[in-house]
Amino acid sequence: MHSWKTPAACAARLRCALCTIWAVCLLALIPGQTLAQADMLDLTAEERGFIAGHPTIRVGVDPGFPPMEFLDREGRPQGMSLDYLRLLEERLGIRFLVTGDPSWADTVHKLRTRELDVLSCVAETERRKGFMAFTRPYLTVPSVIVVRHDFPHAGNGHSLRLDSLTGRTMAAAEGGYSFDRLRTDFPHIPLFITASPGSALEAVALGKAEAALENLLTASQLIKDLDLLNLTIAGRSDYHEDRFTMGVRSDWPVLVRILNKGLASITPEEHAAILARWASARPVSLLEPAVFSTRTLVVMAMVFGAALLLFFGWNWWLRRQIRAREQAEAALRASEARVAMILAATGDGLWQCDLSTGARRSSSRWSALFGFDPGDIPARWGAFEHLTHPEDQATLQALRDGSCMDVQGRFRVELRMRRKDGAWLPVLARGKVVEHNAAGAPRVVAGVHSDITIRKQTEQALFASEQRARSLFEDSPISLWDEDYSDLKRYLDSLKSQGITDLRAYFEAQPQALRYAVALIKVRQVNAMTLKLFEAPDEASLVRHLDNVLTQELYDAVLEGLVAFANGATSFEVETLHRTLTGKTLPVIIRAQFAKGSEQTWDQILVSVQDITALKEAEALRDEMDRITHHDLKNPLAAIISLPRLLLEDETLPPQHRKSLELLHETGRRMLRMINLSLDLYKMERRAYQLAAVPVDMATVAADVVAQARAAAEERGLILRLHGEDGPGAYLALGEELLIFSMLSNLVTNAMEASDNGRTVTMTLERSLHWIICRVHNHGAIPDHIREHVFEKHVTTKPGGTGLGCYSARLMAETMHGDIALASSPTAGTTFTVRLPRA
């Protein structure tokens, strides 16, 4: 049932019509003067010359601003402003060429670019003053705030101010005066931007925004036209009233003066006639009468008499219509009750929609399905759009334009729609077209919404389970094989039935039997890592050439696995050699295990193949490092350390020689610790190093580094400086002394090697709230192509360098929970910055 045909709605419109008649009558009785045509408007010579040079003025109108101006269904401009333009044409002898774009923002832009000369109905705002001049106001309407009927304090006598909407979203049409005012005067109010005032009110009705700022006439007209029954006018806004003018391009001030003279010539009777024609459901008082003459009172009495007769006649006719409507509604309710009983049994919600107008009807069960009370949301198609998930909007549009319907006009689609509590409800929308328009396109559709939550949850759980299983298999970093051993089991059972009890001895004596047994294994599928590991282009190629990847060592390993499975084992692991399709031999660890439930049939066995090449190389490297450190370096170094200690036993040594020997002895011991550290670097690379962090005085360590490097610096003609020596304990960092010494020594050594003779290498210590910072600077610059890779292993700028200095410094800094950074340029030189946690 259309809400505008209900008895209550008819009565409301009757009251509004009578109020409008009263307002028009008052306006008609206001005394005014009769003015002549253009020759009596006292136009200046400049103004007459402008009219002669511009006989046609291009005018733009707002396509959705009723009743001031709008575009009808045929796209023709209509509204109050057009009536004023016609009067001005008569007064001024100007022809107005009126056009309307679908977008008001485009219309305003055309005035800015001088594609239009005048906007027929605008409000003056600060933003528009930059490109628009304004005539005198010719229409004044109360400015109001529109909210939903459930808005706090709405309609209970409280005054709603814009300041009280802080943090609440307001809807406003882009480019409109309300948009400009809110963004300029109330920047703390979030805006939901729409294309038109009607879209702004629909956004409030649908809950996308909480309020809108609009004039009373437009708000009333749009609420009625769009059937937004859950909206109400909360009262006048802080602006009190909207004064509408004509906006003129700013470079034509003479046209503003001309239009002002034309507007001033419009009499109160003419204003009233325009208002009477276009007044909406709510009256607006534009002028107030002063003193009523006898003639005025007589006319008023006549008008009141006519209004009274109209009132009683209307009431008599309305009672008859109400009785007929009530009878029809009773029959409709009985029919709907029967349908409701059927739908209640299924839990479905019934709805019907007129696609041409957007009007929608729905059952109370439909509202309850989404947790709403009847009347909570507007009876418009837009409610469907508002409730539907953004990703399902295309499906909903296909339903509206009929592209998802079959030849009988039936449809069946799945959507996600938002409940009142914000949760997304999966629904099945099914129904059919019940009426077509003259062109044969769907006009009225009816259907039901069914809750399919349980079905969707079941589907999603099944899909998620399958996806997890597939992801675990496909994305595994280890080669995985899904294999079927059922044929192999039958073969082994047949051997046992022949009295063969020792399978190992049997297959060792008959290698061909073992090859036959392996060929009985069927590969179901392999993952991506398997193809990469065995260098196969695809799974089919790998399975087709399996003989090429089987080594003798692998056959021996398979034999051990078969014996284990035959003896009741459910898993097996062995280290062996495998071969890729390109002939490369790989050391691997193979693990095989029965899938749950396949222990008796052997129809599913999961096999993993792990490449241990890197592990083998690491083991070899570690063995080599052990050999070097324990024999080639440590043994000679032991003698170097012992010799200074023996010489120090000579009590006749001069003090300066004793100090040098002590330094030599300590340097040897430190070198021994650094050799031991080389093994620790290997652990750091594998994240296996156990840090024993203690407070370390960075100043002391830095001084030792400088003292050790000073002799080498003097040989190269370099100056080595240390800044930041504030005394003991000033630069305590958490770490290990040997790691810090080694790290800083590497950085200083690199800085010296990168410096020219006579230059300075500086080490600076600093403190911050959480860090002890050490900067090592030299005047050289690192080449651009190396700068980004300087901390990578084996990257060096020195001929014959190992590229381990910066790499090991980074490892040690990160091991001590710090970091290291580089800055280098030809002008500023190179600075390495190390940060370690403060103790």
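Keep in mind that what you see is a predicted model, and the values were worked out from it rather than measured. Only this structure's heavy atoms are used, side chains among them; waters, hydrogens and symmetry mates stay out.
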Should the pair F244 and F65 be assigned to parallel (<30°), tilted (30 to 60°) or perpendicular (>60°) ring geometry?
-> perpendicular
Look at the aromatic rings of H271 and Y84 and report parallel, tilted or perpendicular, splitting at 30° and 60°.
-> tilted
In terms of side-chain heavy atoms, does E46 have a donor or acceptor partner in T44 at a distance below 3.5 Å?
-> no
Going by distance alone, is a donor N or O of one side chain under 3.5 Å from an acceptor N or O of the other, for S250 and R114?
->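 R114 and S250 do have a side-chain donor-acceptor pair below 3.5 Å.
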Any pair counted as salt bridge (Lys or Arg N to Asp or Glu O under 4.0 Å), so long as it reaches residues 164-184, sequence neighbours left out | R127-D180, R128-D180, R168-E210, R181-D242
Donor-acceptor pair, side chain of [X] and main chain of [Y], under 3.5 angstrom:
X	Y	result
D392	H389	no
T245	R136	no
T218	N215	no
Q393	E385	yes
T135	M246	yes
E69	D62	yes

Compute the ring centroids of Y177 and Y239, then answer whether they are less than 6.0 Å apart.
-> no
Ring-ring centroid check W366 F384, cutoff 6.0 Å =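 Yes.
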D101 vs S103, side chain to side chain donor-acceptor pair (under 3.5 Å): CA-CA, chis, key distance, verdict = CA-CA 5 Å; D101 283 294; S103 167; over 6 Å; no
S178 OG to I145 CD1 distance, which is reported to the nearest 0.5 Å |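 Output value for this atom pair is 10.5 Å.
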